[in-house]
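Some notes on the structure that comes next.
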Number of protein chains: 2
Amino acid sequence: MQHVQIFDTTLRDGEQSPGISLNTAEKLEIAHQLARLGVDVIEAGFPIASPGDFEAVQAIAREVDGPVITGLARVNPGDVERAWEAVRDAARPRIHTFVSTSDIHIVHQLQSTREDVKGLARAAVAQAKEHLDDVEFSPMDATRADVEFTAEVIQIALDEGATVINIPDTVGYTMPHEYAEFLTRLYELVPKLHDATLSVHCHDDLGLAVANSFAGVLAGARQVECAINGIGERAGNASLEEIVMLLRTRGDAVGFDTRVNTQEIARSSRLVSRLTGYPVQPNKAIVGRNAFAHESGIHQDGVLKERTTYEIMDARSIGLEGNDLVLGKHSGRHALRQALEDLGYPVDGQVLRTAFERFKALADKKKQVTAMDLEALVTDELRDEISGYALEWFDVDASSRRPPHATVSVTMPDGSSSEGSFTGDGPVDAIFHAINTATGVDARLREFRVDAVTGGQDALGEVSVVLEVEGRSASGQGVATDILQAAGVAYTRALTVVVHRTRTEAEPALATDAVATP
Amino acid sequence: MQHVQIFDTTLRDGEQSPGISLNTAEKLEIAHQLARLGVDVIEAGFPIASPGDFEAVQAIAREVDGPVITGLARVNPGDVERAWEAVRDAARPRIHTFVSTSDIHIVHQLQSTREDVKGLARAAVAQAKEHLDDVEFSPMDATRADVEFTAEVIQIALDEGATVINIPDTVGYTMPHEYAEFLTRLYELVPKLHDATLSVHCHDDLGLAVANSFAGVLAGARQVECAINGIGERAGNASLEEIVMLLRTRGDAVGFDTRVNTQEIARSSRLVSRLTGYPVQPNKAIVGRNAFAHESGIHQDGVLKERTTYEIMDARSIGLEGNDLVLGKHSGRHALRQALEDLGYPVDGQVLRTAFERFKALADKKKQVTAMDLEALVTDELRDEISGYALEWFDVDASSRRPPHATVSVTMPDGSSSEGSFTGDGPVDAIFHAINTATGVDARLREFRVDAVTGGQDALGEVSVVLEVEGRSASGQGVATDILQAAGVAYTRALTVVVHRTRTEAEPALATDAVATP
């Protein structure tokens with residue numbers, strides 16, 4: 001059985017999805033979980049894109065053990081230098097640099113020439129190699145590029161010492177047989193490619209990201225770039241959990257597997273969904289709510305008679321069952337501490353005290369507190385990093401017989417309290433407008449969503465909002481048994497982030513420049 | 001360019017997803033939309049499964065013009081007869097009968113023998129042929145079956161006159177190259193298969209449903225079974241919109257297309273999501289909210305410079321843009337009627353009056369009423385078919401400083417009013433318990449979700465709930481600008497359905513028997 005390396009780009013390509021805005025603590029939390037999951041490489045971000053991106057990549061490079069840590073860089077000296085600064089403290093750092101080889105990108109996007117592209121690729125790989133040994137090169141939009149020109153650029157990158165060559169299907173356009181032919185042709189044109197690691201990076205615009213990645217593996221690729229829950233630009237990247245479980249389930253037939261600890265898949269999926277605010281649809285393969293469910297009578301009947309009649313995977317293999325941890329209102333601090341440690345959140349001192357307070361408040365309302373509830377509370381705590389606005393209290397009078405009215409009190413960034421009132425179209429609308437009145441910020445709601453974290457009438461509700469202020473947007477999440485409370489918390493958090501951004505992003509970063517991604 | 005037929009199973013395999021319970025009006029609405037979408041075949045249901053299933057298939061056979069209408073039947077005389085009764089009034093009826101050919105199913109599920117399976121298949125196809133010409137046969141779980149035995153059974157079905165042979169990957173286990181080899185081998189073993197239509201039916205357990213279906217087409221299949229939004233058992237079926245847009249976008253390279261009117265895709269997806277209560281994740285290919293969005297600077301920049309740099313499909317091609325219909329509070333009855341007609345909902349008389357009332361109430365709260373808002377209102381009206389419980393009014397006092405209290409009044413099935421009060425953990429919890437108190441039904445909430453139909457602070461909120469009463473569950477949806485109102489409506493609707501079920505399903509249907517599906 002050969003091992004295929006899993007290169008996770010949840011924090012880079014995934015984080016570029018519209019409305020996702022993770023802070024450094026959240027990115028670190030995801031990176032630690034990816035290490036527990038056992039991925040081979042973490043693409044932690046795009047260091048030159050913003051000071052926040054740089055800081056997060058650097059923190060991950062310094063704190064997360066196990067996987068190779070890489071940062072993305074265009075083929076510019078400034079990008080490569082910034083990526084190096086960000087990853088240099090990792091035990092196993094990598095720089096990932098890229099430039100388009102398709103004429104459509106070279107002409108319309110880069111407004112450059114093939115000759116320039118070759119020179120830039122050569123210089124960038126050489127510059128990266130001055131700093132470290134492990135350098136990945138991607139010819140962006142390769143699947144729509146001339147294969148012979150792409151081969152020339154790859155040859156250059158290999159000559160300069162690139163250790164990994166990644167062939168991105170940037171726009172999600174290729175088909176399995178076409179992609180396999182493209183890779184096979186590259187091996188013919190560049191025999192030296194056999195000495196490097198070939199990598200695939202597929203987008204799901206036509207629903208083929210996993211199949212194309214798999215075809216790439218069968219054609220010789222030994223690294224797959226993918227993201228938890230398949231998030232990423234547009235329709236996203238190949239879904240990590242699908243690729244991993246495909247190789248696990250059908251590995252015997254094809255001779256490949258990964259080193260991933262599949263029992264961490266369900267939890268990784270929940271963490272990413274919660275922190276990004278991106279839901280997983282019920283019929284999503286592997287991690288959807290129904291992936292292991294059987295509705296029709298015969299299937300249930302069949303499953304009872306013999307598990308394999310309708311199940312090709314065991315729910316326990318992705319960590320969905322066998323997690324029987326349940327705490328109640330009589331559980332003590334020690335039990336909570338042990339439970340959090342089992343979940344991978346070692347806490348102590350003040351953090352444990354805060355966690356215990358929130359746990360007790362929850363246990364008062366909810367008979368059983370499960371592992372999923374604890375995860376939600378812990379990830380909820382991660383969100384209060386920047387000092388900003390906080391909801392103190394609210395009163396809402398809601399009725400179908402008169403317009404709903406809300407009064408709120410908000411803690412302002414300077415620590416003072418401010419009250420506001422509003423009569424709106426609905427109780428949520430009234431609270432949001434009342435918060436605008438209290439804070440004096442004219443925010444507009446762009447998206448609003450509520451999910452139950454766990455089932456049952458006393459479930460925790462999780463509210464996600466996306467706000468816009470002066471053309472900048474940010475998301476916020478809140479968790480509570482009361483959805484109005486969760487909504488108010490989510491709104492003030494999003495407000496904190498977006499107001500913080502309108503101030504810090506006066507520093508231009510790449511807002512006007514082009515932020516390129518494979 | 002050869003045409004591949006699109007066989008839609010949203011109403012059969014899709015409707016078997018956990019928690020989906022469509023009434024006949026809702027199924028008809030989806031079937032009419034599938035006809036507008038231009039699918040070739042509608043699998044309308046599984047007539048023997050329940051009286052409701054039978055009624056819906058019959059109504060669709062009688063009322064929906066254009067596509068072939070088919071009903072599913074096991075290889076039992078009773079099933080085939082019931083399917084025939086249900087589809088006989090269609091202009092172009094089909095019976096779809098099936099039996100497993102894998103030993104794992106034959107031994108553990110059917111507790112039968114290969115010889116019996118052959119006899120049953122022969123008799124069922126012969127029986128169906130006595131009634132009509134168009135008969136489809138599926139060897140269930142074929143991809144895990146002995147190919148030679150499967151070929152024998154197919155030969156029998158063809159000898160009896162089957163016109164379509166469908167090869168289901170029932171458990172979502174196969175891989176594109178393996179599936180193509182399987183189909184190629186069947187053609188070798190059964191030359192007569194060239195005279196029939198070969199069909200593929202793939203499940204997405206490993207994320208390969210679309211790729212496997214596509215591999216099937218390249219291997220000779222000319223019918224693809226799929227569902228809107230990829231719903232269906234477990235991880236669902238191949239997604240219709242992905243298959244269709246794959247063939248549309250890459251048709252030039254492979255020589256295949258479909259007859260689907262792609263501009264109806266976005267609307268079909270919204271309708272199915274709304275009526276089933278199944279959300280579509282933002283990063284879902286083709287119909288996800290982000291499928292055509294671009295977050296990173298370079299992509300936006302690239303799209304502005306030249307559309308094709310990062311877009312392989314035009315959002316207008318699936319009906320996402322160019323839909324500029326907007327009504328406001330000053331729009332009259334005529335404008336509403338015209339708008340509804342443009343949307344495919346011709347209304348008149350009392351229905352138009354009701355629609356106009358709801359439109360006016362909405363326009364009072366919301367500056368602009370869009371086509372999507374109107375769709376939501378119209379589909380919301382479809383839900384009040386069975387007489388049952390209805391929310392009259394509610395009052396809620398919610399606060400972070402004391403437990404929330406709700407009082408509701410509910411119209412009972414006999415037309416009387418009943419009030420109830422409750423102090424709960426949150427305002428939604430309080431309303432739901434108050435409704436339980438008012439109706440005297442002890443329902444338990446299993447799932448709860450809120451989505452915004454359209455963006456912005458004055459958006460319509462859509463609430464979906466799943467309830468359980470005495471082990472039976474049902475879903476309900478409600479739409480309003482006030483989410484507490486929407487939640488109360490959703491809850492009373494789900495209550496109506498689940499109480500209706502506990503009464504009618506005293507008739508056993510297939511509850512204890514086995515309901516088989518490919």
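- Between the side chains of A:N212 and A:Y173, not a single donor N or O lies within less than 3.5 Å of an accepting N or O.
- The heavy-atom pair separating A:D425 from B:D482 by the smallest distance is O-CB, 3.9 Å.
- Contacts of B:H177 with chain A are made by side-chain atoms alone, with heavy-atom separations under 4.5 Å and no backbone atom involved.
- Under 4.0 Å is where a charged nitrogen must lie from a carboxylate oxygen, and between A:R144 and A:D103 no such pair does.
- Of all the listed residues (B:A209, B:G207, B:A211, B:G424), the one sharing the greatest number of non-hydrogen pairs under 4.5 Å with chain A is B:G207.
- Looking at B:L391, there are no atoms closer than 4.5 Å to chain A (heavy atoms on both sides), in backbone or side chain.
- Remark: the B:T170 side chain and the B:D141 side chain contain no N/O donor-acceptor pair separated by less than 3.5 Å.
- Taking each heavy atom of A:F394 and A:V408 in turn, the nearest pair found is CB-CG1, 3.9 Å.
- In terms of heavy-atom pairs under 4.5 angstrom with chain B, the leader among A:G230, A:A285, A:G426 is A:A285.
- Taking each heavy atom of B:V396 and B:P427 in turn, the nearest pair found is CG1-CB, 3.8 Å.
- The pair A:R449-A:E462 does not count as a salt bridge, with every side-chain nitrogen at least 4.0 angstrom from each carboxylate oxygen.
- Ranked by heavy-atom pairs shorter than 4.5 Å toward chain A, the options B:T407, B:D395, B:I483 are led by B:D395.
- Residue contact with chain A, scored on non-hydrogen atoms closer than 4.5 Å, involves the side chain of B:A253 exclusively.
- For B:V254, the part lying under 4.5 angstrom from a heavy atom of chain A is the side chain only.
- At a 4.5 Å heavy-atom cutoff, the contact between B:L208 and chain A is made by side-chain atoms alone.
- There is no contact between B:N237 and chain A, counting heavy-atom distances below 4.5 Å.
- Taking the six-membered ring for Trp and thresholds of 30 and 60 degrees, B:F448 and B:F432 have ring planes more than 60 degrees apart, a perpendicular arrangement.
- Ranked by heavy-atom pairs under 4.5 Å with chain B, the first of A:S102, A:A235, A:A215, A:S400 is A:S400.
- Contact annotation for A:L218: only side-chain heavy atoms (C-beta onward) come within less than 4.5 Å of a heavy atom of chain B.
- In terms of heavy-atom proximity, A:F46 sits nearest to A:L72 at CD1-O, 3.2 Å.
- For the options B:V463, B:N283, B:V466, heavy-atom pairs under 4.5 Å to chain A are most numerous at B:N283.
- Across all their heavy atoms, B:P518 and B:R12 have their closest contact at CD-NH2, 3.6 Å.
- Residue with the most contacts toward chain B among A:I243, A:V107, A:T249: A:T249 (heavy-atom pairs, distance under 4.5 Å).
- Among B:E242, B:R401, B:M245, the residue with the largest count of heavy-atom pairs under 4.5 Å with chain A is B:R401.
- When all heavy atoms of A:C226 and A:S239 are compared, the pair lying nearest together is CB-C, 4.2 Å.
- For the options B:P176, B:P282, B:S100, B:G236, heavy-atom pairs under 4.5 Å to chain A are most numerous at B:P282.
- Counting heavy-atom pairs closer than 4.5 Å to chain A, the top-ranked of the candidates B:E468, B:K284, B:R250 is B:R250.
- Heavy-atom distances place the side chain of B:E178, and not its backbone, under 4.5 Å from chain A.
- Between chain B and the options A:V280, A:D205, A:L467, heavy-atom pairs under 4.5 Å are most frequent for A:D205.
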